[in-house]
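Keep in mind it's a predicted model, so treat the numbers as computed, not measured. Any value given below was found using the heavy atoms of this structure, including those in side chains, with hydrogens, waters and symmetry copies removed. Proteins come first, then strands; the chains are lettered A, B, ... in the order of their sequence lines, and each starts at number 1.
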Protein chains: 2
Amino acid sequence: MSQRRPVTAQDVARLAGVSQSAVSRCFTPGASAAPQMRERVEAAARSLGYRPNLIARSLITRRSRIIGVALGYLHNQFYPAVLEALSEALQAIGYQVLLFTAPQEGDADPRIADILRYQVDGLVLASASLSSRLAAECRASGVPVVLFNRTTAGDDGTESVSGDNEAGAAMIAAFLVAGGHRRLAYVAGLENSSTNRDRQRGFCAALAAHGLAPPRIVAGGYDHTQAQRAAALLFASGDPPDAVFCANDHMALAVMDAARHSHGLRVPDDVSIIGFDDTAPASWPSFSLTSFSQPVAEMVAATVGLLVARLADPDAPARQLVLPGALVVRGSARLPARGLVTEAGRRIWRPQ
Amino acid sequence: MSQRRPVTAQDVARLAGVSQSAVSRCFTPGASAAPQMRERVEAAARSLGYRPNLIARSLITRRSRIIGVALGYLHNQFYPAVLEALSEALQAIGYQVLLFTAPQEGDADPRIADILRYQVDGLVLASASLSSRLAAECRASGVPVVLFNRTTAGDDGTESVSGDNEAGAAMIAAFLVAGGHRRLAYVAGLENSSTNRDRQRGFCAALAAHGLAPPRIVAGGYDHTQAQRAAALLFASGDPPDAVFCANDHMALAVMDAARHSHGLRVPDDVSIIGFDDTAPASWPSFSLTSFSQPVAEMVAATVGLLVARLADPDAPARQLVLPGALVVRGSARLPARGLVTEAGRRIWRPQ
DNA sequence: TTGAAAGCGGTACCAA
DNA sequence: TTGGTACCGCTTTCAA
């Protein structure tokens with residue numbers, strides 16, 4: 001029998017012969033209620049199929065137990081992995097994820113402003129296409145915001161959790177130089193993203209520090225198709241690179257495929273390719289991609305930690321967390337003579 | 001200035017010098033309000049940064065404009081693609097997605113029962129690990145439920161949208177037979193899933209219809225690692241198959257990688273491999289996987305359509321939609337002599 | 001067209 | 001420990 005009118009606490013109260021407040025108390029963890037009454041109420045609730053209405057509850061408690069999560073491009077496997085981990089972690093402490101997908105291009109701000117009307121208890125912004133202004137706006141309205149895998153340009157007090165993009169990219173540069181490469185290229189991610197800015201800066205600065213010329217830079221937009229075009233630009237040119245650092249794995253896989261199948265190059269014999277993120281496909285034998293690993297589990301845990309802390313104390317100082325990663329060495333780039341170590345089952349590079 | 005107390009319609013009313021109900025009307029699409037008042041209210045709302053509280057609204061309208069979406073394993077690229085499309089489609093008509101990730105193993109029912117307390121307007125269940133009992137329970141509580149990429153065992157009246165798993169698998173069998181294969185294997189998905197049941201049944205029945213022996217069946221659990229083990233079982237055996245149908249792409253990629261890199265086999269010269277779903281990586285040159293394409297866009301549109309229809313009329317008859325797909329032919333399986341056609345830029349197989 | 005008032009389904013305070 | 005009651009922020013009659 002499909003019941004049209006949902007069962008309310010009032011219905012349960014009537015059936016159990018108690019007041020509605022008593023019913024409420026029976027469903028409130030540390031509230032006072034006599035065992036016998038609690039039993040009667042629970043029996044009534046069970047028989048009616050009563051489920052407390054969380055919407056009504058949050059109206060008064062001013063806590064929805066919902067965290068908004070804004071994501072962009074789910075084709076890059078990094079994000080599904082993040083989303084799954086984040087959702088699991090939040091569910092484990094009694095929160096649900098209200099998902100918000102932002103188009104890769106264009107202004108997603110007006111649409112995400114909507115999410116605030118749902119009274120989310122917090123917000124995780126993991127899309128580069130969301131402006132920093134939006135983040136500031138959310139903070140102004142009192143909603144804790146954590147930027148994930150991105151930072152704001154000026155340190156405007158928005159909390160963030162990210163990997164060490166600059167150090168990672170610098171390590172990749174050092175690794176390639178140690179491997180004897182001299183003609184380097186960088187396939188860039190989204191121009192306006194903080195991750196791309198930091199990775200590019202770290203890579204270029206490290207190359208300069210090693211006395212090398214700046215890398216050739218081609219746009220990849222963190223996009224698979226665009227990265228294929230970038231590969232064509234690089235490999236069909238008169239002076240092809242001997243190593244390519246791609247700003248993320250998603251593009252690196254495209255570049256590797258193009259190198260091998262469109263340009264007849266051997267990897268790493270003819271060209272070394274390195275990615276960033278260390279997503280699952282990087283370890284697949286077809287790719288065996290050397291990549292800088294972002295510590296997804298730790299980043300997610302840190303994000304949840306920041307959220308929880310701020311929920312408990314809205315005036316806690318905002319922190320910008322940068323979590324260290326590791327260069328996971330596989331077969332897509334020529335190996336340097338030294339510095340390779342095995343740690344926790346992964347082969348990583350640790351110079352000196 | 002971070003405002004602790006959120007702005008309410010009452011605040012706006014006071015500032016604009018009108019009643020609170022008037023403010024409400026100004027934010028209700030087809031409500032009556034004099035242009036001049038509307039202007040005053042909008043100005044006041046703007047200056048205060050007022051955002052109608054959707055939680056409060058849904059308490060009275062009994063519509064949350066939230067759709068719950070339950071997903072399992074996001075490592076299989078099929079699901080991120082579905083989630084993105086679903087979220088976009090729902091956002092476009094003013095709904096948000098409340099995400100629910102179910103562990104691949106174990107009983108996720110108790111945790112998802114929670115989602116009902118959020119008063120979702122509808123539910124999309126796209127995880128095999130959710131019981132049909134749960135679906136029935138949701139329906140009983142009056143929440144429209146659509147099963148996505150799965151069906152219930154008995155036709156118990158739960159709506160569903162799926163690809164034509166049986167016909168697709170049968171077509172794959174016919175394709176392999178036409179390609180001259182005789183020693184077939186099937187890498188199975190989750191044992192208790194409807195998709196696996198249908199694909200296995202379709203494959204086996206078609207083989208039998210062609211007078212072939214039943215395929216060798218090994219368990220893959222829709223999991224990448226398990227599929228690698230399945231490949232080892234198949235290729236290291238005394239009588240390796242000359243063609244393997246994997247119940248989804250995610251496993252097919254693992255099997256292909258194992259075939260090539262662990263067992264020294266050439267694809268498709270030594271063994272043909274076919275998948276199901278036609279996810280993005282299938283078209284990557286490294287794999288060039290022949291796969292039965294599930295029409296994700298159409299499936300998502302149909303799902304949203306069912307939801308909307310049922311929201312409008314809860315008593316509409318429940319429908320089980322099965323959407324046709326196509327066998328997208330690439331390079332991972334030997335080609336039959338005839339039946340290959342190009343359609344909308346895809347090479348597909350259409351026997352007679 | 002506008003405002004007053006009655007809820008929506010709960011929580012939380014109060015006095016009993 | 002219990003029940004009564006005043007809200008939470010909004011929508012929706014109903015009169016004016």
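- Gln20(B) comes within 4.0 angstrom of a nucleotide base, judged by non-hydrogen atoms across all strands.
- Within the 4.0 angstrom heavy-atom criterion, only backbone atoms of the sugar-phosphate kind lie near Val18(B); the bases stay farther away.
- Of all nucleotides listed (dA4(C), dG4(D), dC8(D)), dG4(D) comes nearest to the side chain of Ser19(A).
- Residues Leu54(A) and Arg65(A) form no side-chain contact, since every pair of their non-hydrogen atoms from C-beta on lies 4.5 Å or further apart.
- For Ile60(A), the side-chain atoms get nearest to dT11(C) when compared with the rest of dC10(D), dT11(C), dC8(C).
- Among the nucleotides dC10(D), dT2(D), dG10(C), the one closest to any side-chain atom of Ala9(A) is dG10(C).
- Side chain Arg51(B) to base dG9(D): no donor-acceptor pair is found below 3.5 Å.
- Nearest to the side-chain atoms of Ala33(A) among the listed nucleotides dG9(D), dT2(C), dT2(D) stands dT2(D).
- Put simply, Tyr50(A) has a side-chain N or O that comes within less than 4.0 Å of OP1 or OP2 on dG10(C).
- For dT11(C), one of the phosphate oxygens OP1 or OP2 lies less than 4.0 angstrom from a side-chain nitrogen or oxygen of Ser24(A).
- Distances were taken from every side-chain heavy atom of Ser21(B) (C-beta onward) to each of dA4(C), dT1(D), dG10(C); the shortest belongs to dA4(C).
- Proximity of Arg62(A) to the phosphate of dG9(D): a side-chain N or O atom is located under 4.0 Å from OP1 or OP2.
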